[in-house]
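Note that this is a predicted model, so its numbers are computed, not measured. By convention in this document, chain letters (A, B, ...) are assigned in the order of the sequence lines, proteins followed by strands, and residues within each chain are numbered from 1. Quick note: numbers below take in every heavy atom, side chains included, and nothing from hydrogens, waters or symmetry partners.
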2 protein chains.
Amino acid sequence: MAGVREARKQQTREQIAATALRLFADRGFEAVSVAEVARTAGVTEKTVFNHFATKEDLVYSGDQRFETALVDAIDARPPGTPVAGAVGAFLLDRYAGFGDDPRRRARQAVLARLVTGSPALQARERQLLARYAATLREHIARELGVDDDEDDLRPQVIAEALIAAHGTVIGAFRRATLSGAPPEQYAPRVLAAAREAFGLLAGLP
Amino acid sequence: MAGVREARKQQTREQIAATALRLFADRGFEAVSVAEVARTAGVTEKTVFNHFATKEDLVYSGDQRFETALVDAIDARPPGTPVAGAVGAFLLDRYAGFGDDPRRRARQAVLARLVTGSPALQARERQLLARYAATLREHIARELGVDDDEDDLRPQVIAEALIAAHGTVIGAFRRATLSGAPPEQYAPRVLAAAREAFGLLAGLP
DNA sequence: TCTCTTGTTTACAGTGACTGTAACGAACGG
DNA sequence: CCGTTCGTTACAGTCACTGTAAACAAGAGA
């Protein structure tokens, strides 16, 4: 099971994703066709779609991690802590570490430019956020002792409000990143704004 | 300017939209191609795209009305009332009138089936909600005396939370509609849930 | 080592949403 | 009555994405 085959496959996948991100960064998401990504990566177009269901997935190939981290944070919260509070703390902690790693920060900058320039990627992002919210809802429903799929909308509203705040903060960081200002300057400001934003929702759970 | 031309154009547009909705209702959104809509409506595919930018727009052709109603409700609120409260009241009032008109209710049922069955339409709906939220944000920012485009994220978070609650309620009505139960039965329950949901956000502005 | 199976990639053909352009014809304005 | 405007058509093309069968290399078993 320690396969040469699996390794090759993974390698192909990463090769494709890396090529795609480079091309997109150079010329924009819409201006590069999947065919060109495939050609540049040295594979067939079909192979690209065997690895990535949509063109947008080429950009959001590492999204699974965030959701698992979020769920882990919820499951690891000290007993008695409300889910909403744990989520807020988790997110704020994550923002605080924004751009510690320069490589990561560079990647964020590229992503910021891509997403702000592409409606398709924005749609994809909304879809991701909606998925996070759905996951969150289940956890909150459990905590509140609400039978999910019942007529109580509070879990979903709380979940969506938290995720909306998250999306808003992400957007703020993006705008700040694109402004060209040095991160040391804007990071504290945005972080303070994020704290304030989540403070609004503190009374929720 | 009282044109025969404009009338014809409008007629063509409505003819296309009606045909499309009928076909979609019969066989599902994805199963009907734009080419077929055009053929059935007696026009060219290009004409369809001259009137509707995307296939999804064929379903959401009457969306503008909601946004203007929302804005009107905000502008018409009694002085001193917070925007968030006015919006909540406006939405709750709207839900209360849900399905008064049988024709409207039938249309809602069709839409419910279409949207729950089509990821593309769900994406479109998220986009619409995001636009509403953006509009709301501007109004809330003005009320709070916040320079929009500044580092204060509260207006956007409040706006998105309200719109998220709206989306949640819509979804609840959809699920109830699709359950096949009579509206007299589920409407009060969902309405109560909606009140509770907006009650959560009452402390916001 | 030989062989049979399994899984990844390719070649190829096709669908469907959407765009651009030039031409046609009917309503408009004078 | 005539030139212009504008909605529609005909046509050709791009691009994301799918299905299928064949090529080929890796894994498992004898």
Side-chain angles (χ1 to χ4, degrees), chain A residues 1-21 23-24 26-61 114 117-125 127, chain B residues 1-21 23-24 26-61 114 117-125 127:
Chain A
M1 216 183 275
V4 170
R5 201 130 74 175
E6 282 182 45
R8 265 205 209 296
K9 187 178 178 186
Q10 189 59 23
Q11 190 182 341
T12 304
R13 182 186 165 92
E14 279 160 21
Q15 165 71 5
I16 294 172
T19 305
L21 209 61
L23 289 178
F24 292 156
D26 280 0
R27 312 214 312 271
F29 182 74
E30 337 266 12
V32 178
S33 71
V34 176
E36 191 177 350
V37 171
R39 217 180 315 125
T40 311
V43 295
T44 311
E45 197 180 343
K46 180 77 205 190
T47 299
V48 174
F49 282 114
N50 283 344
H51 283 277
F52 302 92
T54 67
K55 189 188 179 188
E56 289 80 39
D57 284 347
L58 287 168
V59 174
Y60 288 100
S61 57
L114 283 184
S118 158
L121 287 177
Q122 288 161 26
R124 185 71 226 273
E125 192 151 291
Q127 185 196 334
Chain B
M1 215 183 276
V4 169
R5 201 134 73 177
E6 279 182 45
R8 267 205 206 296
K9 185 179 177 183
Q10 189 60 24
Q11 190 183 341
T12 304
R13 183 189 164 90
E14 279 161 19
Q15 165 70 2
I16 293 171
T19 305
L21 208 61
L23 290 178
F24 292 157
D26 279 0
R27 312 214 313 272
F29 182 75
E30 338 268 10
V32 179
S33 70
V34 175
E36 191 177 351
V37 171
R39 217 179 314 124
T40 310
V43 296
T44 311
E45 197 180 343
K46 179 77 204 191
T47 299
V48 174
F49 282 115
N50 283 345
H51 283 278
F52 303 91
T54 68
K55 188 187 179 188
E56 290 80 41
D57 283 346
L58 287 168
V59 174
Y60 289 100
S61 57
L114 283 183
S118 158
L121 288 177
Q122 289 161 26
R124 185 71 227 272
E125 193 151 290
Q127 185 196 332

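- Taking atom CG on L23(A) and atom P on dC15(D), their separation rounds to 14 Å, with Å as the unit.
- A donor N or O paired with an acceptor N or O is not found under 3.5 Å between the base of dT8(C) and the side-chain atoms of R8(A).
- Between the NZ atom of K55(A) and the CG atom of L121(A) there is a distance of 8.5 Å, given to the nearest 0.5 Å.
- Atom pair E6(A):CD and dG7(C):P shows a separation of 11 Å (rounding to whole Å applied).
- Here dT6(C) presents its P atom at 16 Å from NZ of K9(A), a figure rounded to the nearest Å.
- One can place CD of Q11(A) at 12 Å from P of dA26(D), the figure rounded to the nearest angstrom.
- Five base pairs at each end of the helix from dT1(C)-dA30(D) to dG30(C)-dC1(D) define two local axes, and these are offset by 20° (rounded to 10°).
- When all heavy atoms are compared, the tightest approach of V32(A) to V37(A) is CG1-CG2, 3.8 Å.
- By the 4.5 Å heavy-atom criterion applied to side chains, S118(A) and E56(A) are not counted as neighbours.
- The distance from atom CD of E36(B) to atom P of dC18(C) is 16 Å, rounded to the nearest whole Å.
- As rounded to whole Å, 11 Å separates atom P of dT9(C) from atom CZ of R13(A).
- Dashed line: the shortest gap from a side-chain N or O of T12(A) to OP1 or OP2 of dT9(C) is under 4.0 Å.
- Put simply, CZ on R5(A) is 14 Å from P on dT5(C), counting in whole angstrom units.
- Under the 3.5 Å distance criterion, the side-chain polar atoms of S33(B) are matched with a main-chain donor or acceptor of E36(B).
- Atom CZ of F24(B) is separated from atom OG1 of T19(B) by 10.5 Å, given to the nearest 0.5 angstrom.
- A distance of 4.5 Å separates CG in L23(B) from OG1 in T40(B), rounded to the nearest 0.5 Å.
- Side-chain atoms of Q11(A) and Q15(A) form no donor-acceptor pair, as typed in the model, at a separation below 3.5 Å.
- Every residue two or more places apart in sequence or in another chain that forms a side-chain contact (heavy atoms from CB on, under 4.5 Å) with K9(A) is listed here: H51(A).
- A heavy-atom distance below 4.5 Å is found between the side chains of V48(B) and L58(B).
- Residues from residues 40-53 of chain A placing a heavy atom under 4.0 Å of any atom in DNA chain C, listed by number, are G42(A), V43(A), T44(A), K46(A), T47(A), N50(A), H51(A).
- To the nearest angstrom, C1' of dT19(C) lies 14 Å from CD of E30(A).
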